[in-house]
Engineer: 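Right, I'll just put the structure down here and ask away after.
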Amino acid sequence: MIKAITGTKDILPDQIARWHYLEMIVSYIMECFNYKEIRTPVFEETSLFARGIGEATDIVSKEMYTFIDRSETSVTLKPEMTASVVRALNEHSLDKKQGLNKLYYISPMFRQERPQAGRYRQFHQFGAEAIGSDNPALDAEMIVIAYDILKSLGLNDLTVKINSLGVPVSRENYKNILREYLTPHLKNLSEDSQKRFETNILRIFDSKAENDQKIMEDAPLLIEHLDDNSLENFEKVKQILLHAQIPFEIDPKLVRGLDYYTHTTFEILSGSVGSQSALCGGGRYDGLSEQLGGTAIPGVGFAAGIERILLACENEKSLDLPTESIDLYLVRLDKELQNAAYNLSLILRRNDLVVELDYLQRSVKAQMREANKFNAKYVLFIGGEEYERNEVVLKNMSDGEQQNINLEDLSTIISKIIGE
RNA sequence: GUGGGCGUAGCUCAGUUGGUUAGAGCGUCUGGUUGUGGCCCAGAAGGCCGUGGGUUCAAGUCCCAUCGCUCACCCCA
């Protein structure tokens, strides 16, 4: 038997209500902030991600789903959304049509990593991008939106961490300072961090090795080497968050992995999902559009992992979804009435009732058991002497009361049930 | 790419120091008088014990390999 590819998951019917609910909350809150949905293809030319995310990052070097198609073009299943959105914006000159584009998305993403709790090869993210302004109010808005969505899903064990990466020049200067500090400690660092010293020195702050952490305690911090403008922006972001009553921590060691981030970066962590605790992350990416060969447009955005969020909801038992039910189950008393029963169900269904009936020619008892299993509000019996009199029997399943109804009056039961 | 844990019914799991026809709960199906659910009761179906090899008189149980799942590392949402 063929099974789903490693790291992919079927979302079965008993889970789908949770997904619908989350998607509903996301669109609702996004649209309150006047973000418009954008959908982009699941795959793009490989170079889009290679240039956008950064050639040296692990995502590009070993974690992308990349294929050569029949026209010898290298294509890649999108590992994240920002590069695609910026591409679409430039391609359709959305920035010429209005100064600021506020966009959101809910979409599958793909990364060829080893799966673990809250990490899959096909996973789903929602997120937002505000492109066309360097106003720090938008940096803060990203955090507000993300936080409000998570709160609306009933999550409580949340930590918001923010930091500023400043502008590329000051970051490069700072990297040199950090390099100077670390050089004498180099041989005491873990093997992984020695590699990071070459590839992505900032990430040594994230090292889980105890000794590395000790060394990094006294390391100079990026936030101490920001230019005045960056500090001022960061200050504004903090003020808005305070005003929005969003609890946050400044984490000078928070360094996002992707190359394109500038100024504000943030993460929202959950204490209830295991090792992969970041539910969402984002930040400002003022240089990205230009880096992709488009016009220079500042932007800010975030992305949130849906599987992780639903895992957190499950562990915190925070989603209180109503139990599902159907309006009416149509019970056939006589086997000969299959067609009549089906025709009747059709009328009811076309009048917006959620109706089920037996397709397996089962006994009345079995049909009733099924009606109960589906949580039917009403059962409609068709057959017997009532049917000969052109009547059907309607039973209220909560109090057991029954009444005969003439088929001519079917519209009254319909309105009665819908009217509840 | 690296390391740990685990693979027995649809699901969650028992299965003694290797020893007859592999079990339970839940779920499914059927019935418990003519045409009525939940609760209860009775019965039934459903297992190459992940796969392949080995040790043994004898393997679900021990050994090896392999595949899969899972958690963690790297990296990252």
Side-chain angles (χ1 to χ4, degrees), chain A residues 1-9 12 14 53-54 56-64 78-82 107-121 123-127 146 150 190-193 195-196 199-200 203 206-209 254-258 265-270 273-283 301-309 311-312 329 331-335 337 360 362-387 392-402:
Chain A
M1 207 32 211
I2 295 174
K3 293 200 237 172
I5 301 252
T6 298
T8 67
K9 278 266 181 299
L12 299 175
D14 64 345
I53 296 169
T57 61
D58 270 34
I59 293 184
V60 170
S61 58
K62 58 185 202 196
E63 289 165 7
M64 295 203 305
K78 58 185 172 189
E80 56 106 38
M81 194 69 175
T82 305
S107 173
M109 307 289 167
F110 305 84
R111 287 183 203 173
Q112 192 157 3
E113 304 172 284
R114 282 286 277 271
Q116 70 189 68
R119 163 180 283 173
Y120 305 100
R121 289 189 173 175
F123 58 104
H124 297 77
Q125 290 185 327
F126 65 84
L150 297 177
S190 67
E191 207 176 305
D192 284 329
S193 286
K195 253 183 251 163
R196 283 188 275 239
T199 55
N200 192 349
R203 294 216 64 99
D206 286 341
S207 175
K208 283 166 188 166
L254 171 65
V255 183
R256 315 241 72 245
L258 309 185
T265 62
F266 76 96
E267 269 183 7
I268 302 180
L269 307 165
S270 166
V273 292
S275 172
Q276 300 303 317
S277 60
L279 298 188
C280 79
F302 80 93
I306 295 179
E307 282 84 354
R308 281 183 195 180
I309 290 170
L311 183 62
Y329 193 98
V331 170
R332 169 184 25 70
L333 298 175
D334 307 315
K335 291 208 163 110
L337 288 178
L360 302 173
R362 287 187 288 194
S363 66
V364 173
K365 189 191 194 77
Q367 292 180 73
M368 285 303 288
R369 279 184 171 155
E370 182 144 278
N372 199 60
K373 198 177 75 188
F374 284 133
N375 237 326
K377 297 187 190 99
Y378 289 87
V379 160
L380 194 64
F381 296 99
I382 174 171
E385 52 189 51
E386 292 92 338
Y387 188 67
V392 286
V393 179
L394 182 69
K395 173 170 182 161
N396 183 324
M397 289 295 273
S398 54
D399 59 20
E401 274 182 40
Q402 300 192 177

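Proteins get letters first, then strands, A, B, ... in listed order; numbering begins at 1 in each.
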Engineer: Short question: side chain of A/Arg308, backbone of A/Leu279 - any donor-acceptor pair under 3.5 Å?
Structural biologist: no

Engineer: Please determine whether a side-chain nitrogen or oxygen atom of A/Gln276 lies at a distance below 4.0 Å from atom OP1 or OP2 of B/U70.
Structural biologist: no

Engineer: Please report, rounded to the nearest Å, how far the P atom of B/C71 is from the CD atom of A/Glu113.
Structural biologist: 14 Å

Engineer: Sequence neighbours excluded, which residues qualify as side chain to side chain contact (heavy atoms under 4.5 Å, CB included) partners of A/Asn372?
Structural biologist: A/Met397

Engineer: Expressed in whole Å, how much space separates the P atoms belonging to B/C41 and B/G25?
Structural biologist: 11 Å

Engineer: Once you round it to whole Å, what is the distance between P of B/C75 and CG of A/Leu254?
Structural biologist: 15 Å

Engineer: Any base atoms under 4.0 Å from A/Ala117, or only sugar-phosphate, or nothing? Heavy atoms, all strands.
Structural biologist: sugar-phosphate

Engineer: Which part of the nucleic acid, if any, lies within contact of A/Gln402, taking any heavy atom under 4.0 Å across all strands shown: a base, the sugar-phosphate backbone alone, or nothing?
Structural biologist: base

Engineer: Does OP1 or OP2 of B/U70 have a side-chain N or O of A/Lys9 closer than 4.0 Å?
Structural biologist: yes

Engineer: I'd like to check the side-chain hydrogen bond (donor to acceptor under 3.5 Å, both in side chains) partners of A/Arg362; sequence neighbours left out, ordered by chain and number.
Structural biologist: A/Asp358, A/Glu370

Engineer: At under 4.0 Å between heavy atoms, what does A/Gly400 touch on the DNA or RNA strands: base, sugar-phosphate, or nothing?
Structural biologist: base

Engineer: Just call it for A/Ala304: base, sugar-phosphate, or nothing, with non-hydrogen atoms closer than 4.0 Å on any strand.
Structural biologist: nothing

Engineer: Nearest-Å distance, CE (A/Met64) to P (B/C76)?
Structural biologist: 14 Å

Engineer: Can you measure from SG (A/Cys280) to CZ (A/Phe266) and round to the nearest 0.5 angstrom?
Structural biologist: 5.0 Å

Engineer: When the distance from CD of A/Gln116 to C1' of B/G5 is rounded to whole Å, what number comes out?
Structural biologist: 14 Å

Engineer: Looking for any heavy atom pair under 4.0 Å, which part of the strands does A/Lys335 touch: base, sugar-phosphate only, or nothing?
Structural biologist: nothing

Engineer: For the C1' atoms, the ones on B/U8 and on B/A24, what distance do you get once it is rounded to whole angstrom?
Structural biologist: 13 Å

Engineer: Can you tell me if A/Arg111 uses its side chain to pair, donor with acceptor, with the backbone of A/Glu63 under 3.5 Å?
Structural biologist: no

Engineer: Answer with yes or no whether A/Arg203 presents, from its side chain, a donor or acceptor under 3.5 Å of a partner atom in the base of B/C75.
Structural biologist: no

Engineer: Rounding to an integer number of Å, can you tell me how far A/Glu63 CD sits from B/G1 P?
Structural biologist: 12 Å

Engineer: Got a sec, which residues hit side chain to side chain contact (heavy atoms under 4.5 Å, CB included) with A/Lys195, two or more places apart in sequence or on another chain?
Structural biologist: A/Asp192

Engineer: Select base, sugar-phosphate, or nothing to describe what A/Gly127 touches, counting heavy atoms under 4.0 Å on all strands.
Structural biologist: nothing

Engineer: Can you tell me the distance, in whole Å, between the CG atom of A/Leu12 and the P atom of B/G10?
Structural biologist: 16 Å

Engineer: Identify whether any heavy atom of A/Phe123 sits under 4.0 Å from a base atom; if not, whether one sits that close to sugar-phosphate; answer base, sugar-phosphate or nothing.
Structural biologist: base

Engineer: Do any N or O atoms from the side chain of A/Arg121 and from the backbone of A/Pro115 form a donor-acceptor pair under 3.5 angstrom?
Structural biologist: no

Engineer: Test of understanding: with side-chain hydrogen bond (donor to acceptor under 3.5 Å, both in side chains), list the residues that count as partners of A/Ser190, not counting sequence neighbours.
Structural biologist: A/Ser193, A/Asp212

Engineer: Sequence neighbours left out, what passes salt bridge (charged side-chain N to carboxylate O under 4.0 Å, His left out) with A/Arg119? Give chain and number order.
Structural biologist: A/Glu113

Engineer: Using whole Å, what does the distance between atom C1' of nucleotide B/G37 and atom CG of A/Asn396 come to?
Structural biologist: 12 Å

Engineer: Give A/Glu386 one of three labels, base, sugar-phosphate or nothing, depending on what nucleic acid heavy atoms sit under 4.0 Å from its own.
Structural biologist: base

Engineer: Quick one, give me the B/S/- string for nucleotides 43-50 of chain B, reading 5' to 3', where B means a protein heavy atom under 4.0 Å from the base and S means that only happens at the primed atoms, P, OP1 or OP2.
Structural biologist: --------

Engineer: Does OP1 or OP2 of B/C71 have a side-chain N or O of A/Ser275 closer than 4.0 Å?
Structural biologist: no

Engineer: Using whole Å, report how far CG of A/Asn372 lies from C1' of B/U36.
Structural biologist: 11 Å

Engineer: For A/Thr265, which residues count as a side-chain hydrogen bond (donor to acceptor under 3.5 Å, both in side chains) partner, sequence neighbours excluded?
Structural biologist: none

Engineer: Go nucleotide by nucleotide along RNA chain B from the 5' end; which of A/Arg119 and A/Gly281 gets its closest nucleotide reached first?
Structural biologist: A/Arg119

Engineer: A/Asp399: what forms a side chain to side chain contact (heavy atoms under 4.5 Å, CB included) with it, not counting sequence neighbours?
Structural biologist: A/Asn396, A/Glu401

Engineer: With a 3.5 Å cut-off and heavy atoms only, can you find an N or O donor on one side and an acceptor on the other between the side chain of A/Arg114 and the base of B/A72?
Structural biologist: no

Engineer: As a check on the pairing definition, encode RNA chain B in dot-bracket form, counting Watson-Crick and G-U wobble pairs whose two distances are under 3.5 Å, and using | for partners outside this strand.
Structural biologist: (((((((..((((.....[...)))).(((((.......))))).....(((((..]....))))))))))))....

Engineer: Taking side-chain hydrogen bond (donor to acceptor under 3.5 Å, both in side chains) as the test, write out the residues that go with A/Gln367, two or more places apart.
Structural biologist: none

Engineer: Between A/Glu307 and A/Pro115, name the one whose nearest nucleotide on RNA chain B is closer to the 5' end.
Structural biologist: A/Pro115

Engineer: Please work out whether the ring planes of A/Tyr329 and A/Phe374 are parallel, tilted or perpendicular, with thresholds of 30° and 60°.
Structural biologist: parallel

Engineer: Might you list the N or O atoms of the protein lying below 3.5 Å from N or O atoms in nucleotides 29-31 of chain B, with each pair's distance?
Structural biologist:
from, atom 1, to, atom 2, distance (Å)
B/C29, OP1, A/Arg362, NH1, 2.9
B/G31, OP2, A/Ser363, OG, 3.3
B/G31, O6, A/Arg369, NH2, 3.1

Engineer: Any base atoms under 4.0 Å from A/Leu279, or only sugar-phosphate, or nothing? Heavy atoms, all strands.
Structural biologist: sugar-phosphate

Engineer: Any stacking of A/Phe381 on B/G35, going by centres under 5.5 angstrom and planes within less than 30 degrees?
Structural biologist: no

Engineer: Taking only residues two or more places apart in sequence or in another chain, which ones pass side chain to side chain contact (heavy atoms under 4.5 Å, CB included) with A/Pro108?
Structural biologist: A/Val42, A/Phe110, A/Gln122, A/His124

